[in-house]
There are 2 protein chains.
Amino acid sequence: MRTKSKPSKPRKLPIAHRDGIAPVSQSAEYALRVMTCLARGDQIARTATDLAIEATVPVHYLSKVLRRLVAAGLLSSQKGHGGGFVLARAPSQIRFADVLGAMGEAPVGGRCAFGWGKCDAKAPCPLHPAWTVLSEALQAWAGKTTLADVAAAAPQKRRKRRG
Amino acid sequence: MRTKSKPSKPRKLPIAHRDGIAPVSQSAEYALRVMTCLARGDQIARTATDLAIEATVPVHYLSKVLRRLVAAGLLSSQKGHGGGFVLARAPSQIRFADVLGAMGEAPVGGRCAFGWGKCDAKAPCPLHPAWTVLSEALQAWAGKTTLADVAAAAPQKRRKRRG
DNA sequence: CGGTTTATGGACATCGTGGTCTATTGATGG
DNA sequence: CCATCAATAGACCACGATGTCCATAAACCG
């Protein structure tokens, strides 16, 4: 075993690391955050600034995300005084998959994880079975979870009902 | 110098899209590819160039990935004529989680998807339950799948299996 | 021993994502 | 009508992940 390879100089390699196995991009995560915020409130218009604060997202960047969600038909927007963003459908009718899809995060599956151009059940790459398991788990999650689920969960603040 | 004005490029929205819900980084995928290649062959040393061709990975970039895998103790390396890389353990003893961990892809969970600093079962963010489901699915997948699984699956060449 | 083969280590160059900023358009209210 | 608010649009920049290249070290072969 000649792999002594003494690590006397523990220089870090340029291969960075993300915050773990990031299932979605940062933009997509922002989208889910803001959609969650909207689902948890009343159906009144919320401004981008307002949402950015609550969702802890850079304001100007969020506007781009919101634009995408509007273009995808998940949000309605209203300009001018009193305007803002509202969910286009009921929270129970908006799946995570819809939000991710609006952000360009297609539900996996299109690309061969092994680098092969074509990869299907007939001519599977070595990683195909394992990747299929992962892909199906992700799709099941994104397809089943809706905004209604996250709206119901974990109230952010104690909203005391007056009277 | 990036002051080369690159006009005429119809940059839609700056929110790019990856090849779907990419569960791992490109580097981590490369690592899984090359580890799969090694698991599928005999335990003879394979050169980086050889592996790069089979795994369809840029040669020089792969060398960095291989370095990481060696540093993590998943691979053994041998310099000089006849040298190359070999799995440090049996394929059944190398989980995907090990490979991902070597590439810096920690098994999720550390960061709050909603942007909160702290986020646990006691004070969960709205996304916490949904994210927990996702996180556990990913961890289960990465923890259960081993190189032996992908080595057995989908023989690239016809090879008689014993037993 | 020198020469070849291989891994090792790092210096760049490049590109996409994330993030900031400014201008414009549209709606509302006085 | 004008002032103001807020969405829309896109230019622009920073930075990290990706990818290329080259020098060096180590192991083997003659």
Side-chain angles (χ1 to χ4, degrees), chain A residues 1-19 22 24-31 33-34 44-52 56-71 75-86 103-105, chain B residues 1-19 22 24-31 34 44-52 56-71 75-86 103-105 115:
Chain A
M1 204 69 78
R2 291 283 167 263
T3 45
K4 296 294 286 296
S5 65
K6 61 172 187 176
S8 56
K9 289 186 286 188
R11 302 177 185 279
K12 56 180 178 181
L13 290 171
I15 299 174
H17 78 166
R18 309 183 293 180
D19 291 321
V24 298
S25 70
Q26 185 75 52
S27 300
E29 185 180 305
Y30 287 169
R33 283 192 204 173
V34 73
I44 57 175
R46 308 279 304 274
T47 70
T49 305
D50 183 19
L51 289 168
T56 325
V57 176
V59 189
H60 295 285
Y61 192 68
L62 181 62
S63 74
K64 295 183 179 180
V65 174
L66 290 168
R67 244 184 284 170
R68 281 235 157 187
L69 295 170
V70 170
L75 289 182
S76 296
S77 63
Q78 174 68 27
K79 286 184 179 178
H81 184 85
F85 297 89
V86 199
M103 301 307 293
E105 307 257 335
Chain B
M1 288 306 179
R2 56 176 58 248
T3 46
K4 287 174 56 179
S5 58
K6 290 196 292 185
S8 73
K9 192 171 184 178
R11 34 190 305 175
K12 309 157 189 174
L13 280 177
I15 300 172
H17 77 164
R18 311 182 291 182
D19 293 320
V24 298
S25 69
Q26 185 76 282
S27 299
E29 184 180 306
Y30 288 169
V34 74
I44 57 175
R46 308 278 306 274
T47 70
T49 305
D50 184 18
L51 289 168
T56 326
V57 175
V59 189
H60 297 286
Y61 193 68
L62 180 62
S63 75
K64 295 184 178 179
V65 174
L66 290 167
R67 239 183 287 167
R68 280 236 157 186
L69 294 170
V70 170
L75 289 182
S76 298
S77 62
Q78 174 68 29
K79 286 184 181 179
H81 184 85
F85 297 90
V86 198
M103 302 306 294
E105 306 258 333

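Residue numbers start from 1 in every chain, and the chains themselves are labelled A, B, ... in the order their sequence lines are given, proteins ahead of strands.
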Rounded off to whole Å, could you give me the [atom1]-to-[atom2] distance for the [X] and [N] pair?
X     : N      : atom1 : atom2 : result
A:R68 : C:dG18 : CZ    : P     : 11 Å
B:F85 : C:dT5  : CZ    : P     : 17 Å
B:L69 : C:dA7  : CG    : P     : 13 Å
B:L75 : C:dT6  : CG    : P     : 17 Å
A:Y61 : D:dC13 : OH    : C1'   : 14 Å
B:L66 : C:dG9  : CG    : C1'   : 14 Å

For a quick test of reading the model: is some side-chain N or O of [X] closer than 4.0 Å to OP1 or OP2 of [N]?
X     : N      : result
A:Y30 : C:dG19 : yes
A:Q78 : C:dT28 : yes
B:S77 : C:dT8  : yes

Q. With A:S76, which residues qualify under side-chain contact (heavy atoms from CB on, under 4.5 Å), at least two apart?
A.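 So A:S76 forms a side-chain contact (heavy atoms from CB on, under 4.5 Å) with A:A88.
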Q | Which residue lies more 5' along DNA chain D, comparing A:T47 with B:H81 via nearest heavy atoms | A |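 The residue mapped nearer the 5' terminus is A:T47.
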**Q.** Along DNA chain C (nearest heavy atom to each residue), the more 5'-positioned of A:S63 and A:G82
**A.**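 Result of the comparison: A:S63.
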Q | First of A:V59 and A:G80 reached from the 5' end of DNA chain C, by closest nucleotide | A |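 Per heavy-atom nearest nucleotide, the more 5' residue is A:V59.
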Ignoring hydrogens and angles, does a donor from either the side chain of [X] or the base of [N] sit under 3.5 Å from an acceptor on the other?
X     : N      : result
B:R67 : C:dA7  : no
A:K79 : C:dT24 : no
B:K64 : C:dG9  : no

Q) For A:A48, which contact category applies under a 4.0 Å heavy-atom criterion: base, sugar-phosphate, or nothing? A)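 Touches sugar-phosphate only.
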(Q) Give me the atom names and distance for the closest heavy-atom approach of A:A48 to A:L66. (A)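 Shortest heavy-atom separation between A:A48 and A:L66 comes out as CB-CD1, 3.7 Å.
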